[in-house]
Amino acid sequence: MEVILDGEVLAGGLAGKNLKEMLEDLYGRVMGPERALRELIINGRPYEERGMGLPQEIERQQIQKLELTTVSSWEVAQHFLGSAEGILQNMVEAAEGAAELFRVGDKQEANEQYLRVLENLGLFLNMLQRSQEVLGLDFQAAQAGEASAAERLERLKGLTGEMLSAQEQEDWLLLADITGHDLTQELQAWQKLMKAFVRQGTGEA
């Protein structure tokens, strides 16, 4: 199997019996934390989970040529900062939609949308942490209202716990209130915070 990394043949290739293990080898041994994977092409086709399966389902012998394009973690973090306001706005709208579905009693659709909100919130927090590490963002200096980013991060984590508790108790009206009011307010505050982080990330005052 031929492995091409950023346009050049990777000497020795990658270890692993499936794509998941090979990517773990790539991240652990070859790339390091300063790089991130931008594009993955298998046998001339861009990788898509829906059409090709999960990484652990793609066996090594199925791959004749693996092409990988990476980008610096700094670039990933900068792109995240630049797009975060739009991401947060989508999350606000999804949270409000889930809350309304809970209020009208459409529990199945509400739960599906609520779970997507939780998943996207987790992804946002993960990227926020990575961007903080890469760019050295100051969570104490960035303010929205009277609270710093550090304080608002704790609020978000606390709200996540309250939402999960309400879900476990099947208190759908409480979950609607937290999701549609408290969470959306915090997400809107984070939209303001992201502007401050963009200035920090680009070195502006």
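Just so we're clear, the structure is a prediction, and the values are computed from it rather than from any experiment. Start at 1 with the first residue, then count along the sequence.
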Problem set entry | Test applied, side-chain contact (heavy atoms from CB on, under 4.5 Å); reference residue, I63; option that passes from V3, I58, N18, L14 |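 Among V3, I58, N18, L14, the one that satisfies the side-chain contact (heavy atoms from CB on, under 4.5 Å) with I63 is I58.
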
Please answer: with hydrophobic residues joined when any side-chain heavy atoms are less than 4.5 Å apart, are [X] and [Y] in the same cluster?
X: M1; Y: L26; result: yes
X: V117; Y: L101; result: no
X: L183; Y: L125; result: yes

Problem set entry | Pairwise distance CH2(W74) to NE2(H79) - rounded to 0.5 angstrom |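 Nearest 0.5 Å value for the CH2-NE2 distance: 12.5 Å.
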
Exercise. Is a side-chain donor-acceptor pair under 3.5 Å present for Q64 with N43?
Worked result: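 Note: N43 and Q64 side chains meet the donor-acceptor criterion.
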
Exercise. Looking just at side-chain N and O atoms, do Q89 and E93 make a donor-acceptor pair shorter than 3.5 Å?
Worked result: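 On atom types as modelled, these side chains qualify, holding a pair under 3.5 Å.
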
Exercise. Where does the angle between the aromatic ring planes of F124 and F80 fall among parallel (under 30°), tilted (30 to 60°) and perpendicular (over 60°)?
Worked result: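 Taking F80 first and then F124, their aromatic rings sit tilted (interplane angle of 30° to 60°).
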
Counting only heavy atoms not in [X], do more than 12 sit closer than 6.0 Å to its [atom1] atom?
X: R130; atom1: CZ; answer: no
X: Q61; atom1: CD; answer: yes
X: R45; atom1: CZ; answer: no

For [Y], does its backbone N or O pair with a side-chain atom of [X] as donor and acceptor, under 3.5 Å?
X: N111; Y: Q167; value: no
X: T179; Y: A176; value: no
X: Q140; Y: A150; value: no
X: Y114; Y: A99; value: no
X: D6; Y: T70; value: yes
X: Q191; Y: E85; value: yes

Exercise. Name the one of K192, R152, K157 that satisfies salt bridge (charged side-chain N to carboxylate O under 4.0 Å, His left out) with E186?
Worked result: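 Between E186 and the candidates, salt bridge (charged side-chain N to carboxylate O under 4.0 Å, His left out) is satisfied uniquely by R152.
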
For this session: Can you see which heavy atom on R103 is nearest to which on L173, and at what distance?
Result: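 Closest heavy-atom pair between R103 and L173: CA-CD2, 4.4 Å.
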
Problem set entry | Test applied, side-chain hydrogen bond (donor to acceptor under 3.5 Å, both in side chains); reference residue, S165; option that passes from Q169, E162, E168 |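 Going through the options one by one, the only one that passes is Q169.
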
Problem set entry | Side-chain ion pair, E151 and R155, N-O less than 4.0 Å |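 A salt bridge is absent here (no side-chain N lies under 4.0 Å from a carboxylate O).
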
